[in-house]
A.B. asks: 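Can you read through this structure? Questions will come right after.
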Amino acid sequence: MSDAEARREQLVETYNEASVCERCPLSETRNRVVFGSGNADADLMFVGEAPGADEDEQGLAFVGRAGQLLTKIIEAIGLRREDVFIANVLKCRPPQNRNPETDEILSCQPFLERQIEAIRPTVLVGLGKFAAQWLLKTAEPITRLRGRLGDYAAAGPGAPIKVMATYHPAYLLRNPGAKKDVWEDMKVVRELLKE
Ligand code: SF4
């Protein structure tokens with residue numbers, strides 16, 4: 001089996017496990033597990049916080065208004081949604097879209113770790129506080145992390161995976177003035193992908 005086939009198989013196995021997961025109480029309130037989707041060989045992977053109402057209903061990541069804005073962000077750097085992989089820190093929706101709890105993140109993180117291990121992107125973009133902090137293993141606020149490049153701590157052997165922390169598209173819907181900051185961050189990502 002080639003390396004690419006082995007990594008794809010790992011992703012499918014992870015999907016199968018996540019789709020019936022009951023490791024945390026969110027399994028009792030979710031409608032659908034939202035594993036994430038996209039290109040299994042993507043150079044660029046986005047990580048958000050958790051599914052919202054639309055995602056929970058459809059079982060797909062970033063399909064609501066924030067998802068439409070994320071699609072525009074991806075297209076602004078010359079890529080299509082199907083070129084990248086999009087996932088969340090949590091695979092199930094927290095009730096009323098409340099913030100993820102630490103226990104939930106700890107229960108769910110093996111899925112994201114295995115997704116990243118299988119996809120092995122060149123660049124990870126952390127969308128918002130929870131994703132940025134998880135990827136960079138820090139408690140610093142997103143205002144400090146945004147725009148700063150870091151390394152994915154659990155990358156393992158092989159080429160390091162760069163992390164760009166930026167604002168979540170849902171935040172941009174409420175604060176359109178911050179779009180220019182995200183554009184600056186995405187220009188850096190675009191250059192990293194060219195290297
Ligand atoms: S949020 Fe993650 S750990 Fe919790 S039930 Fe869903 S898939 Fe399992």
Side-chain angles (χ1 to χ4, degrees), residues 6-42 44-70 81-82 84-121 123-142 145 152-156 161 163 165-171 173:
R7 291 191 294 116
R8 198 167 295 244
E9 194 165 293
Q10 180 180 344
L11 199 57
V12 172
E13 273 171 24
T14 309
Y15 170 84
N16 289 339
E17 258 182 62
S19 60
V20 292
C21 176
E22 295 182 352
R23 277 188 214 159
C24 87
L26 295 181
S27 62
E28 292 160 23
T29 49
R30 74 177 179 225
N31 284 307
R32 307 272 299 268
V33 173
V34 180
F35 182 70
S37 58
N39 182 348
D41 289 316
L44 177 58
M45 178 168 173
F46 289 86
V47 179
E49 179 179 315
D54 294 323
E55 290 78 14
D56 177 62
E57 203 174 291
Q58 298 181 40
L60 297 168
F62 280 93
V63 288
R65 282 179 67 222
Q68 288 161 19
L69 181 51
L70 179 59
R81 229 178 124 111
E82 53 267 41
V84 307
F85 198 95
I86 303 171
N88 283 306
V89 173
L90 289 187
K91 309 303 183 212
C92 303
R93 183 192 183 203
Q96 283 79 49
N97 294 352
R98 63 154 169 77
N99 285 340
E101 289 178 1
T102 305
D103 283 357
E104 294 160 357
I105 293 175
L106 292 175
S107 299
C108 208
Q109 68 181 10
F111 294 128
L112 183 55
E113 284 166 354
R114 284 160 61 192
Q115 284 177 308
I116 295 171
E117 203 179 292
I119 296 162
R120 256 211 109 70
V123 184
L124 282 158
V125 175
L127 299 168
K129 168 185 160 178
F130 288 96
Q133 290 182 340
W134 186 87
L135 289 167
L136 293 164
K137 305 296 179 233
T138 176
E140 284 194 69
I142 185 67
L145 296 174
Y152 176 57
I161 302 175
V163 175
T166 195
Y167 294 130
H168 193 285
Y171 173 81
L173 291 173

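Side chains are part of it too, since the values below use all heavy atoms of this structure and drop only hydrogens, waters and symmetry mates. Whatever order the structure lists them in is the order used to number ligands and atoms, beginning at 1.
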A.B. asks: Between the side chains of Glu17 and Lys91, is the shortest nitrogen-to-carboxylate-oxygen separation below 4.0 Å, so that they form an ion pair?
C.D. replies: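 Salt bridge flag = no for Glu17 with Lys91.
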A.B. asks: Quick check on Gln10: does its CD atom have over 12 non-hydrogen neighbours (other residues, nucleotides or ligands) under 6.0 Å away?
C.D. replies: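 Correct, the count exceeds 12.
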A.B. asks: Which of the numbered atoms in ligand 1 are under 4.0 angstrom from any heavy atom belonging to Arg30?
C.D. replies: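 Selected atoms, number and element: 5 (S), 6 (Fe).
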A.B. asks: Ignoring hydrogens, what is the shortest heavy-atom contact between Ala40 and Arg7? Give both atom names and the distance.
C.D. replies: O-NH1, 4.5 Å
A.B. asks: Answer yes or no for Arg81 and Phe62: cation-pi contact, defined as NZ/CZ to six-membered ring centre under 6.0 Å and angle to ring axis within 45°.
C.D. replies: no
A.B. asks: Output the list of atoms in ligand 1 that are nearer than 4.0 Å to some heavy atom of Phe111, sorted by atom number.
C.D. replies: 7 (S)
A.B. asks: Kindly confirm whether atom 8 (Fe) of ligand 1 is within less than 2.8 Å of some N/O/S atom in Cys24?
C.D. replies: no
A.B. asks: Under the criterion side chain to side chain contact (heavy atoms under 4.5 Å, CB included), which of Asn88, Leu11, Asn16, Leu60 is the partner of Phe35?
C.D. replies: Leu11
A.B. asks: Charged N to carboxylate O below 4.0 Å: is that the case for Asp41 and Arg8?
C.D. replies: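 Yes, charged N to carboxylate O under 4.0 Å.
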A.B. asks: Using a 4.0 Å heavy-atom threshold (strictly under), name the region of Glu104 that reaches ligand 1: side chain, backbone, both or neither.
C.D. replies: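 Neither; no heavy atom under 4.0 Å.
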A.B. asks: Closer than 2.8 Å to atom 6 (Fe) of ligand 1: does that hold for any N, O or S atom in Cys108?
C.D. replies: no
A.B. asks: At less than 4.0 angstrom from any non-hydrogen atom of Ser27, what atoms of ligand 1 do you find?
C.D. replies: 5 (S)
A.B. asks: Check each atom of ligand 1 against the heavy atoms of Cys21 and keep those under 4.0 Å away; list them by number with element.
C.D. replies: 3 (S), 5 (S), 7 (S), 8 (Fe)
A.B. asks: Quick one: look up the protein heavy atom nearest atom 6 (Fe) of ligand 1 and list residue, atom name and how far away it is.
C.D. replies: Cys92 SG, 2.3 Å
